[in-house]
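Take a look at the structure below.
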Amino acid sequence: VMDGLAAYVRDLDPGACPPAPVQPIRMESVMDDATRAMRAAGAAMAHKDAPTAILMVASARTQLGLIHERFSAPALGHERAALRGADLDLASIQNALRAGDGGAALRLALWPGQAAALTRTLQARESKSLFDPAMLAAAVRAR
């Protein structure tokens, strides 16, 4: 089986797949990933699968961290504080899940609304962040 798999991989032709156009990473798509992770956490809790729910909340927190690092300009302190607050909320949900707190499921269900409000806050200043391709290029050149 391994020989057949190795032969298959050796015969793959990168030219068979046209290059995909490069799209800039948008804050909203990263926030959508966080929201999907939180919905998955809620679904896991509906199946009484707390370990999976905890992992999915950790995934959502990672997405918030990715957004936070691109909102690095000093002028974006309010937005960074909002992201830190959201992360603390998610950390609290993780702790509630670990403790078996029945209220955690409700908090998971409320996340999409909180995420939508946070997204609106961040979108208003996204052009000042490293999500903006020109800002990102300038930051890279400055290094």
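- Counting only heavy atoms from C-beta outward, the side chains of Val30 and Arg70 never approach each other to under 4.5 Å.
- Clustering ILVMFWY residues whenever any of their side-chain heavy atoms sit less than 4.5 angstrom apart, transitively, puts Leu108 in the very cluster that holds Leu118.
- A side chain to side chain donor-acceptor pair (under 3.5 Å) check over residues 85-106, counting only residues at least two apart or in different chains, returns the pairs Arg61-Asp87, Arg61-Gln94, Ser92-Arg107, Asn95-Arg98.
- The side chain to side chain donor-acceptor pair (under 3.5 Å) pairs that include a residue from residues 126-143 are Arg26-Glu126, where partners are two or more places apart or lie in different chains.
- With values rounded to the nearest 0.5 angstrom, Leu90 atom CG is found 10.5 Å from Leu97 atom CG.
- Counting all heavy atoms, side chain and backbone alike, Phe71 lies closest to Leu122 at CZ-O, 3.7 Å.
- Pairs of residues two or more places apart, or lying in two chains, that qualify as side chain to side chain donor-acceptor pair (under 3.5 Å) and include a residue from residues 111-124 are Glu28-Gln123.
- Within 6.0 Å of the CG atom in Leu136, the count of heavy atoms belonging to other residues, nucleotides or ligands exceeds 12.
- Scanning both residues, Met45 and Ala50, for their nearest heavy atoms gives SD-CA, 3.7 Å.
- For the pair Pro24 and Pro133, the tightest heavy-atom approach, listed with the atom from each and the gap, is CB-CG, 4.0 Å.
- Under a hydrophobic-cluster definition in which Ile, Leu, Val, Met, Phe, Trp and Tyr are linked whenever side-chain heavy atoms come within less than 4.5 Å, directly or via other members, Ile67 and Leu130 are assigned to different clusters.
- Its side chain outside the 4.5 Å cluster rule for every partner, Met2 clusters with none of the Ile, Leu, Val, Met, Phe, Trp and Tyr residues.
- With a 4.5 Å cut-off on side-chain heavy atoms, Gln63 and Met31 do not count as touching.
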Report task. Please test Asp33 against Leu66 for side chain to side chain contact (heavy atoms under 4.5 Å, CB included), starting from the C-alpha separation and ending with a verdict. Result -> CA-CA 11 Å; Asp33 291 343; Leu66 294 174; over 6 Å; no
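- In this structure, Leu110 belongs to a hydrophobic cluster whose other members, linked by side-chain heavy atoms under 4.5 Å apart, are Leu106.
- Put simply, Leu76 and Ile25 are part of the same group of oily side chains (I, L, V, M, F, W, Y) that touch within less than 4.5 Å, one to the next.
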Report task. Would you sort out whether Met38 and Ser59 count as a side chain to side chain contact (heavy atoms under 4.5 Å, CB included), showing the intermediate values? Result -> CA-CA 8 Å; Met38 291 300 285; Ser59 176; over 6 Å; no
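- Residues passing the salt bridge (Lys or Arg N to Asp or Glu O under 4.0 Å) test with Arg125, sequence neighbours excluded: Glu79.
- Between Ala96 and Ala104 the shortest heavy-atom distance is CB-CB, 3.9 Å.
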